[in-house]
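Labels below follow one simple rule: chain letters A, B, ... track the order of the sequence lines, proteins then strands, and each chain is numbered from 1. Since we're looking at a predicted model, the values are computed, not measured.
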Amino acid sequence: MSTLKAVRGTRDLLPPETALWNHIEAVARAVFARYNFGEIRTPIFEDTSLFARGVGEETDIVSKEMYTWEDRARAQSEKSQSLTLRPENTAGVVRAYIEHKLGETGQLQKLYYIGPQFRRERPQKGRYRQFFQIGAEVIGPPSAGSESPLRDAEILEMLATLLDELGITGWTLQLNSVGSSADRARYNEALRAALEPIAHTMCADCQRRAVTNPLRVLDCKVPEDQPIIEKLPRIVDLLDPASVEHFAAVTAALDAAGVPYTRNHRLVRGLDYYTRTTFEFTHGGLGAQNALLGGGRYDGLSEAIGGPKAPGIGFAIGLDRLVLTLQAQELNQESAPPQADAYIAPLGEAMNAAALSLARELRRVGLAVELGDGSFRLKKSFEAADKTARCIVILGEDELQSGILTVKDFSTGTQTKVPRADLAAFLAEPSK
RNA sequence: GCGGCUAUAGUUCAGCGGCAGAACGCCUGACUGUGGCUCAGGAUGUCGUGGGUUCGAUCCCCACUAGCCGCCCCA
C-alpha cells in the first residue's frame with residue numbers, strides 16, 4: 001500500500017516557513033488597516049455560475065481549471081447544485097457585496113481577504129493547485145466615488161507601500177488600460193486583422209495565437225518577433241475618450257505620489273471582467289511565473305452577475321510567490337532559528353511538577369519558555385537548551401529549597417544565581 | 001492538457017548489472033549538576049511505485065506517481 005501524500009499541487013507549510021507567511025500576512029493587515037480596509041471572508045466554494053458569469057465562460061480559468069462537482073440533492077424538494085472551489089476571490093466578494101446590499105449604504109466598500117484559491121493547472125514553481133492570495137477590492141455605487149481614477153492610483157500606491165514594507169526589492173509596476181469591453185473587442189479584431197498578413201513571418205506559437213487568441217501575441221518572448229509586435233496596433237489608440245482621460249488621471253496621481261511604473265501596452269489580462277486600468281507587479285527570479293500580483297478595474301462585474309451598478313478595482317497578490325521572492329532574497333542572509341527566552345531544565349523527574357509551575361509563571365508574563373524533562377541528564381538538557389533557547393534555567397533540589405535559581409546565558413557563557421522573584425525580569429533583559 | 005529533465009539516509013547529493021556511499025544532521029561516550037569546539041564509536045535506507053529483461057536490477061526497458069523547467073495560462 002502506498003503511503004498517503006498531499007495531493008498533487010498542494011503542500012504542507014511547516015515551521016519555520018510558516019513564520020514568514022505569518023509575517024507577510026501581518027504586514028499586509030497592518031498596511032490595509034492604515035488605508036481603512038476591513039477584512040471579508042467569503043466561502044471557499046460557491047455556485048458554479050458565479051464564476052461562469054463573473055470571470056467569463058471563455059477564460060481558461062473557467063473553461064478548464066475549476067474544481068467543480070455536483071452537490072447532489074438530499075431531499076425530494078431539494079435540487080442538486082453545481083458547486084466550485086473558488087479559483088479567485090473577486091467574484092465572491094462582489095457576490096457578497098450584492099447579497100448584503102452593501103451598495104445601499106452609499107459608502108465606498110474597502111475590503112481585503114487572505115485565503116486559499118484553487119485552480120487545476122499543471123504545478124510548477126510558484127504555481128500550485130491550492131494557492132494563496134491576499135487581495136483587496138474597492139467597490140461601491142458611482143455616487144460614492146467608485147469610478148474615480150484616484151481609487152486606482154491609491155490602490156497602486158498602497159501596493160507599492162506594501163511591497164516596500166515587506167522588503168521586496170526590484171519589483172516593477174506594469175500599467176495599462178484595456179478600456180471598455182467594447183474597446184477591447186474592437187482591439188481584438190484590429191489585432192486579428194493586422195496579424196493576418198504577417199503572422200507567417202512569426203514564431204510557431206504566434207501563428208497559432210494570431211488565430212486563436214490575438215491578444216496573447218503581445219506576450220510573445222521570442223526576440224525575432226519583437227520588432228513586429230512593436231508595430232502592431234496599440235489598444236491606447238482605440239480607447240474611448242473617457243477611458244483615455246481616466247488613465248491620464250491615474251498616471252498623473254502616481255507621478256505626483258512618486259510611485260514608479262512602466263507603461264506596458266502589451267499588458268492584457270486573462271479575466272473577462274477587467275475594464276480600463278489593468279496592472280501587474282512583476283519580479284525577476286520567479287521564472288515563467290514572474291507576476292507577483294495582478295489586478296485591475298472591473299466596472300461591469302456587479303451587473304454581470306445580476307447586481308446593481310457598482311464599479312470597482314482590486315488586486316490579488318500571489319502569496320506563494322511573495323514567499324518565494326523573500327526566501328530568495330534571504331538566501332544571502334543568515335536566518336537564525338526562532339529561540340525561546342529560556343529553557344527550564346528540571347533535574348530529575350521529581351522536579352517536573354515544579355518545572356511546569358515555573359514555566360507557567362514565566363509564560364504568563366510573556367516569556368517564551370521551552371520545558372525540559374527531568375528524565376534527561378543535565379548534559380542532554382544543555383544540548384537541547386542550546387538549540388532552542390537563549391538561556392537555561394536549572395531547577396534541582398538546591399534551587400527548589402533555596403528559591404535561588406541557576407541561570408546560564410548561552411550568548412555570554414556566564415552563569416548566575418537569580419532569586420525566583422527576579423527571574424522573569426532577569427530573563428526579559430536582552431543579553432549583552 | 002502537451003514537451004523536456006529528475007526521483008538513493010532526516011537533509012543536500014555521489015555511485016555502480018554482483019554486500020548501499022559521503023557530507024551535514026541524529027544517537028552514544030567517565031561523572032548523583034554543565035552545552036558549544038574537538039575526539040572516539042554508532043544507526044541511518046522498501047535506492048519513488050508497479051511490471052519487464054537478466055543467473056542476478058538501485059543501475060537497463062516500460063508504465064504510473066511526484067517534483068523541477070518550458071508551453072498554455074495565471075497569482
Side-chain angles (χ1 to χ4, degrees), chain A residues 1-11 14 55 58-65 86-90 114-135 159 203-206 208-209 212-213 215-216 219-222 267-271 274 279-283 286-296 314-325 343 345-348 350-351 372 374 376-399 406-415:
Chain A
M1 188 169 66
S2 59
T3 51
L4 287 167
K5 303 192 299 185
V7 305
R8 185 168 204 203
T10 71
R11 63 210 174 117
L14 306 171
V55 177
E58 301 307 316
T59 60
D60 277 26
I61 290 176
V62 172
S63 65
K64 54 188 198 193
E65 295 174 359
R86 62 186 188 196
E88 56 96 63
N89 217 333
T90 299
I114 299 177
Q117 319 291 340
F118 306 85
R119 291 180 201 171
R120 199 179 183 291
E121 297 182 275
R122 180 94 163 217
Q124 278 181 46
K125 195 173 203 67
R127 169 183 295 172
Y128 306 96
R129 290 182 170 183
Q130 174 176 314
F131 60 105
F132 294 83
Q133 289 188 329
I134 300 176
L159 284 166
C203 70
D205 280 334
C206 280
R208 179 173 44 74
R209 291 166 179 145
T212 60
N213 193 350
L215 288 176
R216 296 257 71 93
D219 278 345
C220 180
K221 292 163 188 103
V222 177
L267 180 66
V268 289
R269 313 206 75 254
L271 279 57
Y274 285 120
F279 56 86
E280 276 178 15
F281 282 70
T282 57
H283 194 279
L286 281 170
Q289 283 68 243
N290 68 345
L292 270 179
L293 69 92
F315 61 85
I317 304 172
L319 185 47
D320 308 77
R321 294 178 184 179
L322 219 45
V323 169
L324 282 172
T325 303
Y343 179 104
L347 290 186
M351 294 295 117
F376 290 180
R377 295 174 49 188
L378 189 58
K379 178 184 165 78
K380 185 169 174 179
S381 287
F382 262 86
E383 286 171 352
D386 191 38
K387 285 167 195 151
T388 56
R390 284 173 24 235
C391 296
I392 185 168
V393 177
I394 299 168
L395 182 62
E397 272 301 334
D398 296 351
E399 285 81 4
T406 306
V407 181
K408 185 161 187 176
D409 186 321
F410 291 125
S411 60
T412 60
T414 54
Q415 191 159 310

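- Not a single donor-acceptor contact under 3.5 angstrom links the side-chain atoms of R119(A) to the base of rC73(B).
- R86(A) pairs by the side-chain hydrogen bond (donor to acceptor under 3.5 Å, both in side chains) definition with T42(A), Q117(A), not counting sequence neighbours.
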* **Pair pattern of RNA chain B in dot-bracket, where unpaired bases get dots and | marks partners in another strand, Watson-Crick or G-U under 3.5 angstrom** => (((((((..((((....[..)))).((((.........)))).....(((((..]....))))))))))))....
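- As judged by a 4.0 angstrom heavy-atom cut-off over every strand, A316(A) is placed among residues touching the sugar-phosphate backbone only.
- Mapping V7(A) and L271(A) onto RNA chain B by nearest heavy atom places V7(A) closer to the 5' end of the strand.
- Residues satisfying the salt bridge (Lys or Arg N to Asp or Glu O under 4.0 Å) criterion with R11(A), sequence neighbours excluded, are D320(A).
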* To do: Do nucleotides 32-39 of chain B as a string where each nucleotide becomes B, S or -: B if the base has a protein heavy atom under 4.0 Å, S if just the sugar-phosphate does, - if no protein is that close.
  => -BBBB---
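- Nucleic acid contact class of R8(A) (heavy atoms, under 4.0 Å, all strands): sugar-phosphate only.
- Within the nucleic acid shown, R11(A) has no heavy atom closer than 4.0 Å to any nucleic acid atom.
- Tested against E280(A) for a side-chain contact (heavy atoms from CB on, under 4.5 Å), the candidates L267(A), L293(A), L292(A) yield a single pass: L267(A).
- The same atom, P, is picked in rG4(B) and in rC64(B); the two are 13 Å apart, to the nearest Å.
- A search for side-chain contact (heavy atoms from CB on, under 4.5 Å) contacts involving R122(A) returns R8(A), not counting sequence neighbours.
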Table of protein N/O atoms under 3.5 Å from nucleotides 4-13 of chain B N/O atoms:
none

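- Separating the P atom of rG25(B) from that of rA40(B) is a span of 15 Å, rounded to the nearest Å.
- Proximity note for K380(A) (side chain, C-beta onward) versus rA75(B), rG70(B), rU28(B): the nearest is rU28(B).
- Checking rC73(B), rG1(B), rC27(B) against every side-chain atom of K387(A), the shortest atom distance belongs to rC27(B).
- Residues passing the side-chain hydrogen bond (donor to acceptor under 3.5 Å, both in side chains) test with E399(A), sequence neighbours excluded: T406(A).
- For K64(A), the salt bridge (Lys or Arg N to Asp or Glu O under 4.0 Å) partners at least two apart in sequence or on another chain are D60(A).
- At least one donor-acceptor pair closer than 3.5 Å links the side chain of R129(A) to the backbone N or O of E121(A).
- Whole-Å rounding puts the Q130(A) CD to rA66(B) C1' distance at 18 Å.
- In this entry the base of rC13(B) is anti relative to its sugar, with a glycosidic angle more than 90° from 0.
- Under the ring pair (Phe, Tyr, Trp, His ring centres under 6.0 Å) criterion, F132(A) pairs with W21(A), sequence neighbours left out.
- Residues satisfying the side-chain contact (heavy atoms from CB on, under 4.5 Å) criterion with L347(A), sequence neighbours excluded, are L378(A), I394(A).
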Just the atom pairs and distances: protein N or O near nucleotides 40-42 of chain B's N or O, under 3.5 Å.
none

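- Looking at heavy-atom distances under 4.0 Å, G126(A) makes contact with a base.
- Partners of Y343(A) under the ring pair (Phe, Tyr, Trp, His ring centres under 6.0 Å) rule, at least two apart in sequence or in another chain, do not exist in this structure.
- Under a 3.5 Å cut-off, the side chain of R119(A) and the backbone N or O of P87(A) do form a donor-acceptor pair.
- Across rC59(B) and rA20(B), the matching P atoms stand 13 Å from one another, rounded to whole Å.
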